[in-house]
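Below: one structure, written as structure tokens.
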Number of protein chains: 2
Amino acid sequence: MPSPGRATIADVAREAGVSKATVSRFLNHRDTLLSPDIAARVERAVSALGYSPSPMAQALKRGRSRLIGLVVADVTNPYSVAVLRGAEQACQEAGYLVMLFNLGNDSGREREAMAALASYQVEGFILNTLGRDPDAATEATRQGRPVVLVDRRHSGMQADFVSLDNAQSVQMALAHLQAQGWRELLYVTEPVRGVSSRAEREAAFREACHQSQQGGVGPALAGQTFESHEALPEAPEAPMQALMSALQALRERAGARPAAVLSSNSVVTLRLSAAMARLGWQWGRELGLVGFDDTDWAPHVGPGISTIAQPTHDLGRLAASCLLERLRGLTLAPRQILLPGTLLARGSSQALNPERL
Amino acid sequence: MPSPGRATIADVAREAGVSKATVSRFLNHRDTLLSPDIAARVERAVSALGYSPSPMAQALKRGRSRLIGLVVADVTNPYSVAVLRGAEQACQEAGYLVMLFNLGNDSGREREAMAALASYQVEGFILNTLGRDPDAATEATRQGRPVVLVDRRHSGMQADFVSLDNAQSVQMALAHLQAQGWRELLYVTEPVRGVSSRAEREAAFREACHQSQQGGVGPALAGQTFESHEALPEAPEAPMQALMSALQALRERAGARPAAVLSSNSVVTLRLSAAMARLGWQWGRELGLVGFDDTDWAPHVGPGISTIAQPTHDLGRLAASCLLERLRGLTLAPRQILLPGTLLARGSSQALNPERL
DNA sequence: TTGTAAGCGTTATCAT
DNA sequence: ATGATAACGCTTACAA
């Protein structure tokens with residue numbers, strides 16, 4: 001009698017009057033010649049019982065699970081979600097399922113996450129994490145499972161790397177700001193702390209400002225950097241106050257020259273907007289703004305926020321593709337894939353016209 | 001020799017000089033008395049080898065996997081993400097891992113999603129889906145795995161249900177709008193199409209308006225409903241035009257009386273904001289607004305958007321708790337858990353003062 | 001208290 | 001071309 005739960009390969013074998021081995025062969029090695037008669041019987045039995053093999057049992061036997069582990073620093077971040085969607089799609093098309101582990105911004109749990117996923121025999125990892133847990137790198141390579149890094153490099157981990165071209169994006173943003181007449185710049189970022197993408201963007205900002213002062217094209221840009229911290233329970237107001245002061249200092253420093261902010265991501269952009277509201281200032285009037293990450297709300301805040309859109313979906317797809325290639329046996333030196341950003345100019349970075357000053 | 005990959009129970013047994021059964025007992029049934037000597041030896045071997053059991057093998061043997069399947073209609077929706085976080089946390093605390101399946105707004109794949117998750121032996125389901133796939137319900141209960149529904153009921157599925165108290169929330173929003181002087185109301189929702197939460201909110205809106213006209217407390221509220229459709233590739237502008245017309249009609253209808261919109265969720269709120277921008281109107285001036293879902297950008301759009309905040313995190317936690325209780329053997333009639341919303345009043349719904357008209 | 005052995009659902013290596 | 005059979009890593013009667 002067919003068992004109460006799911007049909008097993010044994011059920012199918014009995015139904016078709018063949019051995020389990022034959023059924024398995026039919027399923028996995030269709031190329032191996034089997035008599036049409038038997039093949040037909042098995043086929044009928046399979047569909048009659050609605051049989052599909054248990055991935056768990058397959059994983060146990062094969063050591064492979066058709067599972068991809070995706071570790072994300074923070075699901076709340078729209079960037080991560082967009083990447084997730086792209087990766088998920090590519091994986092599903094290839095017959096893989098994505099297992100998500102969300103760190104909830106607790107960078108210490110990186111290793112734990114990978115261990116948990118590894119225990120379910122995930123065949124590879126896509127990592128969009130801070131990369132501050134040094135053991136995590138070791139762990140992954142020790143297990144011999146391929147890894148793809150998204151947006152953030154991990155020191156000492158040799159793995160494929162997929163990311164926005166940060167340098168190009170920063171240059172593009174600055175060229176735009178320059179063209180629109182902004183002269184005194186402030187780059188606002190979350191604390192860099194060794195996070196590679198943050199470091200790259202900041203370095204690119206410094207470099208670009210430096211270039212323009214050394215007589216690059218167009219008028220010179222003066223630039224400074226500010227690190228915006230997250231609010232802590234004991235001093236919930238401190239970071240916001242600091243941010244407001246930084247913005248005020250920026251304007252004083254600028255004097256008559258138009259001053260603008262470059263924001264390192266959408267979280268920072270939101271903080272900045274809060275600070276502007278508190279100061280009673282408006283984007284595109286008291287200060288210009290271009291921000292990384294094009295969110296769905298960007299067009300609706302103030303006069304519209306100018307953004308650098310990342311090809312998030314493609315980044316996710318590419319990350320998954322890299323991984324799948326490795327799983328298919330591709331052996332190659334770690335690749336770096338950098339995709340260009342796109343500038344979406346809106347009101348917040350529009351040229352000041354004199355009477356608005 | 002300890003194998004190259006992960007240590008197995010056999011490795012531990014060899015290392016400790018005992019049988020696999022003893023190791024297994026040590027791990028699973030500490031209560032069963034075992035000689036302290038042996039226990040110590042096993043313990044040492046376990047930590048020496050860094051052994052942890054393979055959940056896959058355990059699942060195969062026990063038929064249980066310590067996996068919870070979470071099916072989400074759309075990861076892009078902040079509401080879903082927030083619920084996900086809550087559920088994830090509760091599950092992890094209980095030693096379960098969440099396996100996420102994202103439908104990407106393709107409601108037809110509901111059954112497929114559940115089948116995929118079931119094949120990995122997930123012990124139960126948390127469903128935040130449209131509930132329009134009738135088979136999905138059957139499938140789950142047929143498998144005898146417990147299900148918790150979040151936000152959306154499925155017709156004919158008897159399962160625990162966790163959700164915002166939609167009726168209370170709508171009443172609260174309307175009372176607020178009424179108190180602030182708004183009189184002509186428009187409820188804008190995504191197409192209802194049998195999605196329970198959408199239907200409930202709309203019904204509550206109709207009912208509340210009706211009440212107020214039958215001489216409820218305060219001045220009467222006139223209300224109508226509008227369904228906002230998603231843009232299609234062949235007519236990308238049509239839905240936006242329709243929305244703009246609806247807003248214009250609203251104001252004409254209202255004449256001198258202040259008119260306001262109640263938005264069914266954050267996606268609709270964004271669409272509405274786009275329409276307002278196109279009309280050159282501003283929230284709190286030409287039209288008032290209260291929207292479901294308190295997003296992080298709500299304070300920064302226009303004069304600040306008034307919202308109905310859902311206790312998303314608690315909803316997620318509760319959903320997980322319900323499921324875990326069932327897994328522990330609780331047998332009870334399906335429960336309904338409704339949590340109240342919170343109104344966050346901001347500029348978009350503030351009383352008009354005469355000179356602003 | 002501990003060990004032996006069977007079995008969970010597969011796949012792969014032998015024979016036949 | 002097909003069928004026994006062992007093995008993957010684990011749990012659990014049943015023996016000892």
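Proteins get letters first, then strands, A, B, ... in listed order; numbering begins at 1 in each. Since we're looking at a predicted model, the values are computed, not measured. Just so you know, these numbers use all the heavy atoms, side chains as well, and skip hydrogens, waters and symmetry mates.
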So the side-chain hydrogen bond (donor to acceptor under 3.5 Å, both in side chains) pairs with at least one residue in residues 32-43 of chain B (sequence neighbours excluded) are B:D37-B:R41
Scan nucleotides 6-8 of chain C against the protein and return all N/O pairs shorter than 3.5 Å with their distances rounded to 0.1 Å.
from  : atom 1 : to    : atom 2 : distance (Å)
C:dG7 : N2     : B:K61 : NZ     : 3.0
C:dG7 : N3     : B:K61 : NZ     : 3.0

Of the listed D:dT2, C:dT10, C:dG3, the closest approach to the B:S19 side chain comes from C:dG3
Query raised in the report: Quick one: do the B:Y51 and B:E15 side chains pair a donor with an acceptor below 3.5 Å?
Result: no
note: B:R14, atom CZ; C:dG3, atom P; distance rounded to Å ~ 15 Å
Exercise. Passes side chain to side chain contact (heavy atoms under 4.5 Å, CB included), B:R145 versus B:M114? Steps please.
Worked result: CA-CA 11 Å; B:R145 292 184 168 83; B:M114 295 188 65; over 6 Å; no
Would you give me the side-chain donor-acceptor pairs under 3.5 Å for residues 55-69 of chain B, sequence neighbours excluded?
from  : atom 1 : to     : atom 2 : distance (Å)
B:R62 : NH2    : B:N28  : OD1    : 3.2
B:S65 : OG     : B:L67  : N      : 3.3
B:S65 : OG     : B:Q121 : O      : 2.4

Phosphate OP1/OP2 of C:dG3 contacted by B:T22 side-chain N/O (<4.0 Å): yes
B:R25 meets the salt bridge (Lys or Arg N to Asp or Glu O under 4.0 Å) criterion, sequence neighbours left out, with none
Verify the contact: side-chain N or O of A:H29 to OP1 or OP2 of C:dA12, cut-off strictly under 4.0 Å; return yes or no.
yes
Side-chain contact check for A:S35: nearest option of D:dA1, D:dT11, C:dG3 is D:dA1
Base, sugar-phosphate alone, or nothing: which one does B:S24 contact when heavy atoms must sit under 4.0 Å apart? base
Rounded to whole Å, CZ of A:F26 lies from C1' of D:dG3 at a distance of 18 Å
B:Q58 atom CD is separated from D:dT12 atom C1', nearest whole Å, by 13 Å
Only residue of A:R109, A:R152, A:E110 satisfying side-chain hydrogen bond (donor to acceptor under 3.5 Å, both in side chains) with A:T129 is A:E110
Of the listed D:dC10, D:dG3, C:dT10, the closest approach to the A:Y51 side chain comes from C:dT10
Contacts of B:L318 meeting side chain to side chain contact (heavy atoms under 4.5 Å, CB included) (sequence neighbours excluded), chain-then-number -> B:V162, B:I337, B:L339
Here the distance between atom P of C:dT1 and atom CG of B:D31, to the nearest Å, is 12 Å
Rounded to whole Å, CG of B:N28 lies from C1' of D:dA13 at a distance of 15 Å
Hits for side chain to side chain contact (heavy atoms under 4.5 Å, CB included) against A:Q158, two or more places apart or cross-chain, chain-then-number order -> A:P334
Double-helix bend of the helix from C:dT1-D:dA16 to C:dT16-D:dA1, axes at both ends from 5 pairs, round to 10°, gives 50°
Per nearest nucleotide of DNA chain C, the residue lying toward the 5' end, A:L27 or B:P36, is B:P36
To the nearest angstrom, the CG-P distance between B:D11 and D:dG9 comes to 8 Å
Whole-Å distance, B:Q121 CD to D:dC10 C1', equals 14 Å
Sequence neighbours excluded, the answer for salt bridge (Lys or Arg N to Asp or Glu O under 4.0 Å) partners of B:R317 is B:E93
Among C:dT4, D:dT11, D:dT2, the one nearest any side-chain atom of A:R25 is D:dT2
Show which side-chain atoms of residues 78-86 of chain B pair as donor or acceptor with protein atoms under 3.5 Å away, not counting sequence neighbours.
from  : atom 1 : to     : atom 2 : distance (Å)
B:S80 : OG     : B:N128 : ND2    : 3.0

Taken to the nearest whole Å, OH/A:Y120 to C1'/D:dG9 is 14 Å
